[in-house]
Amino acid sequence: QLQLVESGGGLVQPGGSLRLSCAASGDTFDYYAIGWFRQAPGKEREGVSCITSSDGITYYGDSVKGRFTTSRDNAKNTVYLQMDSLKPEDTAVYYCAATLDENLRPRTPSTMGAPFLYHYWGQGTQVTVSS
């Protein structure tokens, strides 16, 4: 059973930065692709990013391209989401989620950003961007 725990959320000013962490345990981390999703009040869950393990493919949602960067450190069983140039519309609960690399085929946005393909989820961390 893979377990995921997010951390690093908080309150920041517009234009500021945060780095979120997703720590994994309970299974071999190298087998899994890790995605980030977010959900704001009254809105559907939105794919933010994903990074695979076997081939290093990344995905970013259109609304965060050029501002957010995801990376992984397999030695630490951790995936990061670096968020720069934050906007008020980035305010949401952010979740990390995992699925086996082979479940994300083909490597397209519709696959890598689809919540239903991810089998393990963290508890979420709140990000609030406000002046």
Side-chain angles (χ1 to χ4, degrees):
Q1 179 72 38
L2 187 71
Q3 296 176 324
L4 304 172
V5 178
E6 303 96 333
S7 62
L11 174 65
V12 297
Q13 299 269 25
S17 297
L18 282 175
R19 189 178 74 161
L20 306 184
S21 298
C22 175
S25 62
D27 202 357
T28 303
F29 184 65
D30 296 0
Y31 295 166
Y32 292 91
I34 305 295
W36 289 93
F37 298 82
R38 66 187 184 187
Q39 189 162 23
K43 296 185 178 181
E44 294 186 351
R45 190 162 296 186
E46 175 188 16
V48 174
S49 70
C50 177
I51 183 165
T52 65
S53 182
S54 61
D55 54 9
I57 300 298
T58 56
Y59 149 83
Y60 296 97
D62 289 343
S63 63
V64 307
K65 285 180 180 176
R67 300 188 297 120
F68 291 9
T69 304
T70 191
S71 61
R72 65 191 296 154
D73 185 343
N74 286 348
K76 296 182 180 294
N77 288 359
T78 300
V79 164
Y80 303 98
L81 182 67
Q82 179 67 42
M83 304 185 295
D84 298 320
S85 301
L86 283 161
K87 305 174 180 179
E89 51 263 45
D90 295 318
T91 296
V93 177
Y94 284 70
Y95 300 89
C96 66
T99 190
L100 293 170
D101 265 5
E102 56 261 40
N103 291 336
L104 299 181
R105 296 286 186 180
R107 305 292 206 216
T108 59
S110 61
T111 298
M112 300 180 75
F116 72 91
L117 293 178
Y118 292 78
H119 303 150
Y120 303 95
W121 292 79
Q123 82 288 348
T125 186
Q126 177 71 46
V127 172
T128 302
V129 185
S130 177
S131 60

### Within 6.0 angstrom of Glu102 CD, more than 12 heavy atoms from elsewhere
yes

### Task
Mind checking the CZ-OH spacing from Arg72 to Tyr32? Nearest 0.5 Å is all I need.
11.5 Å

### Task
Could you tell me whether the side chain of Gln123 and the main chain of Val5 form a donor-acceptor pair under 3.5 Å?
no

### Query
Do you know which two heavy atoms are closest between Leu81 and Ser49, and how far apart they sit?
CD1-OG, 3.6 Å

### Message
If hydrophobic clusters are built from ILVMFWY residues whose side chains come within less than 4.5 Å, do Val79 and Leu4 share one?
### Response
yes

### Task
Check for a donor-acceptor pair, side chain of Thr125 on one end and backbone N or O of Glu6 on the other, with a separation under 3.5 Å.
no

### Task
Might you point out which heavy atoms bring Cys50 and Tyr118 nearest each other, and give the distance in Å?
SG-OH, 3.1 Å

### Task
Look only at the side chain of Thr128 and the backbone of Leu11, and say whether a donor-acceptor pair between them is shorter than 3.5 Å.
no

### Query
Do Asp27 and Tyr120 have a side chain donor and acceptor closer than 3.5 Å?
no

### Query
Is a side-chain donor or acceptor of Thr99 paired with a backbone partner of Leu117 at a separation under 3.5 angstrom?
yes

### Task
Could you tell me which residues satisfy side chain to side chain contact (heavy atoms under 4.5 Å, CB included) with Thr52, sequence neighbours excluded, listed by chain and number?
Ala33, Asp55, Ile57, Asp101, Arg107, Met112

### Query
Quick one: does Ser53's side chain have a donor or acceptor within less than 3.5 Å of a partner on Tyr31's backbone?
no

### Query
Can you tell me how far the CZ atom of Phe68 sits from the CG atom of Leu20, to the nearest 0.5 Å?
8.0 Å

## Note on the structure
So the salt bridge (Lys or Arg N to Asp or Glu O under 4.0 Å) pairs with at least one residue in residues 31-43 (sequence neighbours excluded) are Arg38-Glu46, Arg38-Asp90

### Interatomic spacing from OH in Tyr94 to CE in Met83 - rounded to 0.5 Å
5.5 Å

### Task
Answer yes or no: is there a donor N or O on one side and an acceptor on the other, between the side chain of Gln39 and the main chain of Ala92, under 3.5 Å?
no

### Query
Hey, does the Lys NZ or Arg CZ of Arg19 hover above the aromatic six-ring of Tyr80, less than 6.0 Å from the centre and inside 45° of the axis?
yes

### Summary
Note: Phe37 and Gly113 closest approach over all heavy atoms is CE2-O, 3.6 Å

### Pairwise distance OG1(Thr69) to CD1(Ile51) - rounded to 0.5 angstrom
10.0 Å

### Query
Between Leu2 and Ala98, what is the shortest heavy-atom contact and its length?
CD2-CB, 3.4 Å

### Query
CH2 of Trp36 to OH of Tyr59: how many Å apart, nearest 0.5 Å?
14.5 Å

### Summary
Closest heavy-atom pair, Arg67 versus Leu86, reported as atoms and distance to 0.1 Å, is NH1-CA, 3.9 Å

